[in-house]
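Chain identifiers are assigned alphabetically (A, B, ...) following the order of the sequence lines, protein sequences preceding nucleic acid strands; residue numbering begins at 1 within each chain. Just so we're clear, the structure is a prediction, and the values are computed from it rather than from any experiment.
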Amino acid sequence: MRPPLEMILPASPSNTAAFDRLARPVQKWIRGQGWEALRPIQAEAVTAVLEGEADIIITASTAGGKTEAAFLPLISQMLAAPTAGFATLYIGPLKALINDQYQRLEDICRDAALPVTPWHGDVAAGKKHKALKNPAGILLITPESLEALFVRRGPEMPRLFAQTRCIVIDELHTFLDAERGVQLMSLLNRLEMSVGHRIRRVGLSATLGDDRLAAQYLRPQAAQNVVVLKDTSSQQALKIQLRGYTSGDEDTGQGSTTGAISAHLFQHLRGSQNLIFAGSRNRVEIYADTLRQLCENSHVPQEFYPHHASLSKDHRAFVEARLKDKAKPTSAVCTSTLELGIDIGDVACVAQIGAPFTVAALRQRLGRSGRRAGQPAVLRQYAVEATLDAKSSVVDRLRLGLIRAISMIELLLEGWCEPPKAQALHLSTLTHQVLSVIAERGGASARRLYVTLCEKGPFTSVDQSLFLRLLRQIGSAEVGLIEQSADQTLLLGKAGERLVEHYSFYAVFQTPEEFRLVHDGRELGTLPIDNVLIPGMTLVFSGRRWVVVHVDDRERVIQVTPSTAGVPPVFGGDPGDIHDRVIQKMQDVFAEETVPAYLDEAARALLVQAREEFGRQGLQERRIMPLGEGRVLVFTRTGSIKTATLALVLQGVGCSVEAYDGVLEVKASAETPDIIDVLTQIKDHPLDRSLLAQANLMTEKFHPFLNAELLGEDALSSRLDLMALPQVVNGVLNGQAY
DNA sequence: GACCTGCTGCGGCGTG
């Protein structure tokens with residue numbers, strides 16, 4: 001008789017029961033780890049996975065043991081019932097994450113003799129061919145590589161996945177509300193159709209604003225049956241400070257806000273591991289350069305390094321390794337590259353310069369700090385506002401950056417974050433999936449495509465008539481992506497074949513063209529091609545200063561050599577997307593009188609000023625404010641989508657418009673009609689879609705193949721909101737005008 | 001007024 005488990009493993013009874021249900025090799029691995037017990041979330045997951053076939057969402061903090069929670073019982077299950085083909089499919093959004101998870105799972109599976117195969121663009125072709133010849137165990141793959149399998153090996157899919165029982169989706173939140181997430185859902189749905197049975201889905205995530213919406217994403221047809229397991233054990237303390245700073249237009253000299261914030265970071269972050277989110281790659285370079293100088297001037301070792309997606313892999317790996325190495329204090333000045341994914345361990349503090357765009361990002365970033373028991377998460381928020389003078393505009397006086405930073409923190413504390421947008425058509429990704437299904441099957445009927453992608457797949461907002469219009473468009477002579485054979489089967493056209501045959505087809509997201517920046521044969525990183533650089537020009541990049549020595553336009557290579565001066569390059573980007581709820585919260589912050597305890601003295605003073613201005617201008621009620629010289633402020637009090645839609649309409653009648661948080665600054669010309677008349681017109685008449693003609697509607701990768709009509713509908717389903725406009729305008733007009 | 005993510009097959013060559 002084997003001894004009772006309690007003698008080996010001190011654990012609570014429920015925990016012991018969970019442990020007992022795991023396969024022997026898995027139990028052996030757990031003992032080898034020296035764990036005292038399974039964590040509650042892991043014990044719950046064991047029960048949920050082994051009892052029944054329900055879809056599951058597991059949410060726990062980054063170091064909360066989610067991977068083990070899912071895989072300890074899944075591996076046990078695989079050992080109990082061996083299958084032919086891949087038994088479990090793991091989807092990861094990053095190659096680096098797949099590499100990390102491969103190491104961890106290999107370790108668990110070593111004694112179990114269960115193969116684990118990583119599969120992404122950097123994995124050797126030989127290794128992939130071996131796995132295809134003998135598919136078994138766990139396959140770790142990116143959405144793009146899974147897409148490639150469908151396109152290149154469509155007929156083999158049933159053989160590879162016929163007995164797959166479970167698909168684990170890591171970092172589930174990164175797929176919600178993204179084109180890539182729609183692609184992934186389409187692929188998983190196609191996989192189920194291809195093998196002819198449902199495959200259980202398990203989502204892992206650290207940050208979910210709304211469990212039900214995540215469940216809706218994971219299994220749209222049966223969201224109510226998704227089991228959500230939450231780790232509530234690690235409710236951690238949160239320490240927040242919001243510091244206010246003011247600056248003029250010239251922000252680079254001595255005594256600037258960049259200098260002042262850098263000095264504060266230098267003073268408080270040195271000696272530990274930290275993340276400094278600077279908001280853009282340009283600002284990452286500015287702050288990294290300033291902090292590097294501070295270290296040099298103080299004759300102390302360098303601890304501040306830049307990290308963003310345009311920097312070389314080598315440099316990024318160097319910074320990540322330093323963050324993991326507690327013997328080398330390191331603060332990374334970074335963009336969202338360090339927001340998710342790969343494990344960099346616990347950081348002492350998260351600094352955020354300027355308000356973030358979403359509460360979800362703020363929450364994800366904060367999750368990097370305070371992960372050790374008893375350690376609070378620490379947020380240092382820096383708000384930068386303009387120095388005011390007699391000529392300063394109302395918009396500057398309202399301190400929108402500070403108010404938004406406060407609003408985001410308040411919403412974070414309330415536990416809210418942005419939900420995914422449900423109704424979008426995703427016509428770019430639908431075009432991609434049409435080509436992919438045709439390639440997979442060597443041809444398909446329109447009916448089959450519609451059922452696969454829209455009826456049973458994720459493109460539920462697309463009805464038959466819209467789908468047919470899309471097919472006719474991409475099958476037209478001038479586009480030529482598809483063509484129809486005599487028996488009505490849809491095949492790839494010439495242009496479609498060319499597209500699908502190239503490896504750049506698999507990803508559904510757009511990437512800009514770039515130069516490579518090289519010093520002494522070593523790549524420093526990449527720059528968007530719209531940077532105009534000629535020999536002799538200086539720049540700040542990768543935390544150092546360079547001078548351009550040679551530009552090769554054909555090969556897209558720029559040679560540089562060290563220099564003592566420089567300015568950071570322009571990286572471009574899209575306008576941010578701010579949710580309605582954030583703007584509402586800003587309105588509340590203006591109207592209330594309480595001052596949050598986490599503001600420093602300067603931030604308090606700025607908040608008081610902003611509220612005085614808000615009251616003085618009567619903005620509690622007032623929605624339209626003339627500024628003189630034909631300029632008017634229109635307070636939409638809505639997020640960026642509705643505000644941008646109104647801006648588009650006003651531009652359509654000849655106004656020039658600038659958008660801020662919930663406010664438009666409108667400048668009329670001599671030919672422009674009176675703004676009240678324009679707004680009244682919008683309120684009373686259905687809107688003319690021809691307005692869309694002047695907007696830039698080509699934002700996604702496969703948009704260039706669509707016509708104006710389809711592009712308009714796609715934009716209206718996601719980035720513009722004409723339907724809401726009458727209501728927005730009504731609100732504006734019913735406030736006190738003029 | 002922004003950020004991030006991904007990639008196959010094949011020919012040519014050297015090595016064991």
> So what does A:Pro575 touch, heavy atoms closer than 4.0 Å: a base, only the sugar-phosphate, or nothing?
Replying inline: base
>> Can you list everything that forms a side-chain hydrogen bond (donor to acceptor under 3.5 Å, both in side chains) with A:Arg180? Sequence neighbours excluded, please.
In response: A:Glu144
>> Here's one to test your reading of the geometry: is the NZ or CZ of A:Arg283 within 45 degrees of the ring axis of A:Phe277 and under 6.0 Å from its centre?
In response: no
> When the nearest nucleotide of DNA chain B is assigned to A:Ser280 and to A:Ser504 on a heavy-atom basis, which residue is associated with the more 5' position?
Replying inline: A:Ser280
>> Over all strands shown, is A:Arg152 touching base, sugar-phosphate only, or nothing at heavy-atom distances under 4.0 angstrom?
In response: sugar-phosphate
>> Under 4.0 Å, counting only non-hydrogen atoms across every strand here, what does A:Ser640 touch: a base, just sugar-phosphate, or nothing?
In response: nothing
>> Once side-chain hydrogen bond (donor to acceptor under 3.5 Å, both in side chains) is applied, do any residues pair with A:Glu156, and if so which ones, sequence neighbours excluded?
In response: A:Arg153, A:Arg159
>> Once you apply a heavy-atom cut-off of 4.0 Å, does A:His502 come out as touching a base, just sugar-phosphate, or nothing?
In response: nothing
>> Could you work out, with side-chain hydrogen bond (donor to acceptor under 3.5 Å, both in side chains) as the rule, every residue matching A:Ser145, not counting sequence neighbours?
In response: A:Thr142
>> Within the 4.0 Å heavy-atom criterion, would you say A:Asp122 contacts the bases, only the backbone, or no part of the nucleic acid?
In response: nothing
> Nucleotide range of DNA chain B contacted by chain A, 5' to 3', under 4.0 Å to a heavy atom?
Replying inline: B:dG1 to B:dG9
Atom pairs and distances, donor-acceptor, side-chain atoms in residues 638-650 of chain A, under 3.5 Å, two or more places apart:
residue: A:Thr638; atom: OG1; partner: A:Thr636; partner atom: OG1; Å: 3.4
residue: A:Thr638; atom: OG1; partner: A:Thr643; partner atom: OG1; Å: 3.0
residue: A:Ser640; atom: OG; partner: A:Asp577; partner atom: OD1; Å: 2.8
residue: A:Ser640; atom: OG; partner: A:Ile578; partner atom: N; Å: 2.7
residue: A:Ser640; atom: OG; partner: A:Ile578; partner atom: O; Å: 3.4
residue: A:Lys642; atom: NZ; partner: A:Asp580; partner atom: OD2; Å: 2.4
residue: A:Thr643; atom: OG1; partner: A:Thr636; partner atom: OG1; Å: 2.9
residue: A:Thr643; atom: OG1; partner: A:Thr638; partner atom: O; Å: 3.0
residue: A:Thr643; atom: OG1; partner: A:Gly639; partner atom: O; Å: 2.8
residue: A:Thr645; atom: OG1; partner: A:Ile641; partner atom: O; Å: 2.7
residue: A:Thr645; atom: OG1; partner: A:Asp721; partner atom: N; Å: 2.9

>> Over all strands shown, is A:Tyr506 touching base, sugar-phosphate only, or nothing at heavy-atom distances under 4.0 angstrom?
In response: sugar-phosphate
>> Heavy atoms only, 4.0 Å cut-off, all strands: where does A:Arg153 land among base, sugar-phosphate and nothing?
In response: sugar-phosphate
> Taking only residues two or more places apart in sequence or in another chain, which ones pass side-chain hydrogen bond (donor to acceptor under 3.5 Å, both in side chains) with A:Lys133?
Replying inline: none
>> Judged by each residue's nearest nucleotide on DNA chain B, which is more toward the 5′ side, A:Pro356 or A:Phe505?
In response: A:Pro356
